[in-house]
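Heads up, the thing below is written out as structure tokens.
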Amino acid sequence: MLIMTPISYLSVASLSLCPTLLLPPIGFVGAEATTAESVSELAPLRIRGGVLIAEPFAFIDESYQGENAGDVRYTGFQGDLLRQLTTFAMEDGYDLSFDLSLSPQNYGAALDVIANDCNTTDNPLPLEQCGVYDFVVGDYYVNAPRSLRVDFSPAWMKSGIGSIKLIERVEGTQELVTLSQLQGAEGTACVPAGAYLSTVVKGKFPSLNYIDCPSPDECTEYLRRRECGLYIDDELALKYRALLDPSLEVTGETFNTQYVVWPMSYNLDFNKRLMLKKWMYSAVSNATLDDLEFKYFRVKICELGISGESCKEYCDPKHGRADRTGKCICSSAKWTGADCSVELVEELNLYPAWLQIFSYSLFGIQVAVCLVCASWLHWKRKVQQVIAAQPFFLYLVLFGCLVSTSSLLATAQQDAGYGNVPACAVFPWLFSVGFSITFGSLFAKIARIYWIFKRSTGYTKITITVQQTLLVVAAITMVDVIICAIWTGMDPLTWTRVVTREDKFGEPLESQGFCYSDHWQAFAYTMAAWHICLLIMACIICYLSRKIPSKFADTKSLTAAMASNLQIIVVSVPVLVIVGGDPTPSLFVRAAVIWLNDFVVVAIIFGKLMRSVHDPNHASHTMTVGRAVMQYQSRSHTIPPPIQTRSVFELVHKSEEGVMNHGDTKSDIGRSASKMKRASSTMSPNNSVNMPTPTIRRASFSCPKNQTVSAIRRSAANKPWQPNDSSLVEENKSTSVEG
């Protein structure tokens with residue numbers, strides 16, 4: 001064999017002087033494509049190789065039927081690469097052939113066959129068994145210990161340790177795509193048993209649970225049964241499996257980058273090693289390896305900027321890339337369109353224009369209703385029914401409803417960005433203060449009438465002025481004012497916009513704006529509890545006032561209004577919870593609740609009052625104050641005993657102390673009797689209580705001088721009155737009192 005100098009390495013032709021022995025090739029697919037004539041003109045070059053079966057790098061073609069029974073054909077990534085190397089060799093004038101056979105099917109054992117440390121402690125194989133192959137056709141990683149035992153070909157692929165998972169995820173479970181996530185969840189990973197990468201992975205993730213699989217197929221089966229969350233192996237091998245099985249997906253996590261090479265024996269002729277390396281570099285430079293990578297590890301797709309089945313359509317190179325079917329796939333959800341050139345505008349979830357118009361229309365309707373009622377109230381201000389209904393408080397009710405309904409204007413305000421919306425802080429003031437004015441006025445109005453009629457049962461004079469009742473309304477309203485003032489001072493509502501959906505680059509795709517404060521629940525719940533208590537108290541006072549005639553205390557209407565508002569609040573809360581953060585139905589429900597809350601109050605109260613005024617047959621036309629008092633007394637069973645046709649002494653004896661106070665003189669007895677006569681004249685003949693109209697006659701009796709009515713009453717109390725009491729007749733000093 002000719003030993004060549006290093007300078008002669010540059011001459012390809014000089015290698016033809018090297019004598020070699022050409023054996024019939026047991027080759028890869030395409031190795032027999034060279035014609036006999038071309039082979040005879042080339043210098044033969046034969047290299048022995050041991051094949052390590054590992055799909056898709058090298059595997060046996062089961063469909064091949066050779067001339068002899070033992071003929072075997074290998075195919076795969078490395079088989080196609082070897083065939084391409086023979087083409088490069090022909091261009092240099094060589095007839096390259098590979099004498100291939102199965103090597104030991106273990107990476108370490110196959111490496112021992114060509115290593116230079118045979119017949120040693122580390123490699124006990126005898127020397128005669130170490131010269132069987134010149135190189136091993138296998139996907140070996142380069143590492144320092146191996147480099148001392150064998151030579152390496154140029155790297156024909158770059159790989160690493162990767163993982164694969166099932167695309168279909170069990171609903172309700174967390175998706176684990178990295179080994180760190182799997183380790184944190186105390187999951188299990190499948191690794192090939194005895195492989196070098198298994199040692200690397202177990203050292204990098206020691207807390208992870210592992211299943212050592214005898215073969216890649218068994219690892220895949222464990223993964224399908226979900227006994228392991230991820231299958232860890234060579235990244236290229238995993239890509240090949242994912243390419244063949246659409247249910248699998250490579251996670252994309254890669255670590256410990258490795259370069260894939262062929263181990264070559266140092267005993268291989270130096271010139272052969274040199275030429276083999278040269279032809280492998282040719283495979284790198286003319287993109288042969290790229291074509292093989294697309295063939296075995298990924299689908300060849302259209303170049304950047306084009307798409308379609310024939311790769312003739314446009315695809316925005318900045319935001320899209322064609323997939324295996326030629327479809328232009330956008331890199332981010334922010335871009336859309338057939339060519340990924342249309343930018344998706346951020347969905348702001350603003351209130352639609354029709355909904356804002358709807359809210360403003362409801363406010364306009366309420367304003368019109370309040371103005372009509374106020375005008376009518378002023379027009380009929382001198383009518384008996386209107387006077388009895390206490391018009392001042394009815395004006396307050398209209399004003400409170402108007403303030404409360406104006407919160408519709410605030411709740412419909414919004415901002416497309418992150419700017420401030422002052423209406424957020426104004427909304428609780430308008431709604432709560434308006435609510436307090438409305439129902440505080442109703443509460444004070446009915447309470448005033450109740451206490452007046454309650455005290456009338458004892459003929460006691462009682463005066464409750466409008467100013468006193470206003471203090472009650474002011475106290476009720478002040479509670480809401482204090483709550484709103486603390487809310488605004490400590491943690492006011494401000495406009496906030498939250499991103500609800502974004503792309504993988506963090507660009508917002510959808511956001512939602514709303515009024516928010518950190519402690520809004522505490523203030524809102526406190527205010528709601530106060531309003532509910534106010535409604536409950538108003539319902540209680542309406543129940544207590546149920547026996548007062550409706551002309552003076554329309555308790556049925558007030559009860560209906562308050563019960564209606566309580567019902568609206570109770571129903572609206574779960575509805576608002578159901579609609580959640582959806583802005584359109586949320587605003588619709590809030591606007592409807594606020595409007596109904598105020599409209600129902602005005603409609604019920606003023607509707608009943610207008611009917612009583614304009615209906616000539618309504619009972620309120622004939623109801624006087626005296627009759628109302630007597631009717632309340634009869635319903636309450638608090639009316640005094642029937643008044644008999646007796647003297648003033650009997651009236652004094654039977655009356656309450658509130659009618660004739662201590663210190664009244666004799667002349668006051670006559671005035672009291674006249675008042676009782678006038679009150680009795682207002683009673684209806686059909687009164688359910690048997691109370692005949694008393695006949696007050698002129699009575700002549702003597703009264704001791706300087707004796708007060710109280711003294712007479714005490715005397716009457718100690719000594720019952722008798723018609724023929726001689727003692728009283730004897731004391732008669734001819735003093736007359738007109739009864």
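Only heavy atoms go into these numbers, but all of them, side chains included; no hydrogens, no water, no symmetry mates. These numbers come from a predicted model, not from an experiment.
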With sequence neighbours left out, the residues meeting disulfide (SG to SG under 2.5 Å) with Cys533 are none
Say whether Glu510 and Asn349, considering side chains only, have a donor N or O and an acceptor N or O under 3.5 Å apart. yes
- What orientation do Tyr296 and Tyr240 show, parallel under 30°, tilted 30 to 60°, or perpendicular over 60°? tilted
Is the NZ or CZ atom of Lys165 both under 6.0 Å from the centre of the six-membered ring of Tyr231 and within 45° of that ring's axis?
no
Quick note, ring pair (Phe, Tyr, Trp, His ring centres under 6.0 Å) partners involving residues 481-501, not counting sequence neighbours, are Trp487-Phe523
Just checking, is any N or O donor in the side chain of Trp530 or Asp480 under 3.5 Å from an acceptor N or O on the other one? yes
Notebook entry, point to check: Should the ring pair Phe435 and His531 be called parallel, tilted or perpendicular, given that the plane angle runs from 0 to 90° and is split at 30 and 60?
Noted result: parallel
Checklist line | Side chain to side chain, Ser331 and Arg321, heavy atoms closer than 4.5 Å | finding: no
Residues at least two apart in sequence or cross-chain that pass disulfide (SG to SG under 2.5 Å) with Cys370, listed by chain then number, are none
Is it true that, when you exclude Tyr210 itself, more than 12 heavy atoms of the residues, nucleotides or ligands shown sit nearer than 6.0 Å to its OH? yes
Note to self: Is it the case that atom OH in Tyr259 sees more than 12 heavy atoms from other parts of the structure closer than 6.0 Å?
What the structure shows: no
Looking only at the side chains, is there a donor atom on one of Ser511 and Glu346 sitting less than 3.5 Å from an acceptor on the other? yes
By side-chain contact (heavy atoms from CB on, under 4.5 Å), Val367 pairs with (sequence neighbours left out) Phe363, Leu371, Leu402
Residue pairs passing the ring pair (Phe, Tyr, Trp, His ring centres under 6.0 Å) test with at least one member in residues 331-355, sequence neighbours excluded, are His319-Trp335
Q: Kindly confirm or rule out an SG-SG distance below 2.5 Å between Cys424 and Cys515.
A: yes
For Glu303, is the CD atom crowded, meaning more than 12 foreign heavy atoms sit under 6.0 Å from it? no
* Spell out, with a plain yes or no, whether Cys340 and Cys315 have SG atoms under 2.5 Å apart. => no
Disulfide (SG to SG under 2.5 Å) filter on Cys373, not counting sequence neighbours, yields none
Does the ring center of Phe588 lie less than 6.0 Å from the ring center of Phe358?
yes
Parallel, tilted or perpendicular: rings of Trp595 and Phe599 (30°, 60°) | parallel
* So does Glu347 have more than 12 non-hydrogen atoms from other groups sitting under 6.0 Å from CD? -> yes
